[in-house]
Amino acid sequence: VQLQASGGGLVQAGGSLRPSCAASGRTFSSYAMAWFRQAPGKEREFVAAMNWSGGTTYYADSVKGRCTISTNNAKDTVYLQMNSLKPEDTAVYFCAADRWGSGASAANAYNYWGQGTQVTVSS
């Protein structure tokens with residue numbers, strides 16, 4: 001599955017963004033979906049995930065209560081609603097997919113990756 005991430009941008013601290021990740025030519029109906037992020041000089045880290053059925057979601061402690069992962073009804077786009085953004089949320093955000101996955105937090109569990117979208121939060 002090919003993934004295309006978009007919807008990043010520049011926002012002030014306290015603001016909101018909703019990056020999206022679109023599947024090319026298919027749906028996510030049998031895929032676990034996740035968002036990871038990577039800040040300059042840091043390792044890629046888990047942000048949020050949804051298991052393949054969409055029934056269970058997982059969040060990193062650093063974003064819990066501020067972010068929500070969801071899909072549209074067609075299950076061909078995944079969103080990451082981010083509220084109350086902080087400067088430390090600044091990173092390139094990547095979406096990832098894992099067929100029949102459980103929504104793991106480890107990056108190596110995911111076989112398909114989007115190209116990333118930049119999120120910058122100014123103080």
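Numbers here are sequence positions counted from 1. Only heavy atoms go into these numbers, but all of them, side chains included; no hydrogens, no water, no symmetry mates.
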Next on the checklist: Restricting to ring pair (Phe, Tyr, Trp, His ring centres under 6.0 Å), what partner residues turn up for Y58, sequence neighbours left out?
Outcome noted: none
Next on the checklist: Tell me every residue that passes salt bridge (Lys or Arg N to Asp or Glu O under 4.0 Å) with R66, counting only those two or more places apart in sequence or in another chain.
Outcome noted: D89
Item to check | From CE (M50) to OG1 (T71), nearest 0.5 Å | outcome: 5.0 Å
Item to check | All side chain to side chain contact (heavy atoms under 4.5 Å, CB included) counterparts of A39, not counting sequence neighbours | outcome: K42, A91
Checklist entry - Honestly curious: do V63 and F36 fall in one hydrophobic cluster under the side-chain, below-4.5 Å linking rule? => result no
Next on the checklist: My understanding is that only residues two or more places apart in sequence, or in another chain, count here; which of them pass salt bridge (Lys or Arg N to Asp or Glu O under 4.0 Å) with E45?
Outcome noted: R37
Item to check | With sequence neighbours excluded, residues passing ring pair (Phe, Tyr, Trp, His ring centres under 6.0 Å) with Y59 | outcome: none
Checklist outcome for this item: Taken to the nearest 0.5 Å, the spacing of D98 CG from M33 CE works out to 10.0 Å
Next on the checklist: Please list all pairs meeting disulfide bond (SG atoms under 2.5 Å apart) that have one or both residues in residues 30-60, counting only residues at least two apart or in different chains.
Outcome noted: none
Side-chain donor-acceptor contacts of residues 17-30 below 3.5 Å, not counting sequence neighbours, with atom names and distances?
from: S20; atom 1: OG; to: S6; atom 2: OG; distance (Å): 3.3
from: T27; atom 1: OG1; to: S29; atom 2: N; distance (Å): 3.4
from: T27; atom 1: OG1; to: S29; atom 2: OG; distance (Å): 3.0
from: S30; atom 1: OG; to: R99; atom 2: NE; distance (Å): 3.4

Item to check | Non-hydrogen atoms of A97 and Y31 that approach each other most closely | outcome: CB-CD2, 4.0 Å
Checklist entry - Can you list every disulfide bond (SG atoms under 2.5 Å apart) pair that touches residues 46-89, not counting sequence neighbours? => result none
Item to check | side chain to side chain donor-acceptor pair (under 3.5 Å) pairs, two or more places apart, involving residues 110-123 | outcome: Q118-T120
Item to check | For K64, salt bridge (Lys or Arg N to Asp or Glu O under 4.0 Å) partners two or more places apart | outcome: D61
Per-pair distances, 0.1 Å, donor-acceptor, side chain in residues 76-85, under 3.5 Å, sequence neighbours excluded:
from: D76; atom 1: OD1; to: N72; atom 2: ND2; distance (Å): 2.7
from: Q81; atom 1: NE2; to: N83; atom 2: OD1; distance (Å): 2.9
from: N83; atom 1: OD1; to: S16; atom 2: OG; distance (Å): 2.9

Item to check | ring-ring contact (aromatic ring centres under 6.0 Å, His included): pairs with one or both residues in residues 88-109, sequence neighbours excluded | outcome: W52-W100
Next on the checklist: Given T90, which partner from the list L10, V121, V119 fulfils the side-chain contact (heavy atoms from CB on, under 4.5 Å) test?
Outcome noted: V121
Checklist outcome for this item: Heavy-atom nearest pair, A49 first then G103, reads CB-O, 3.5 Å
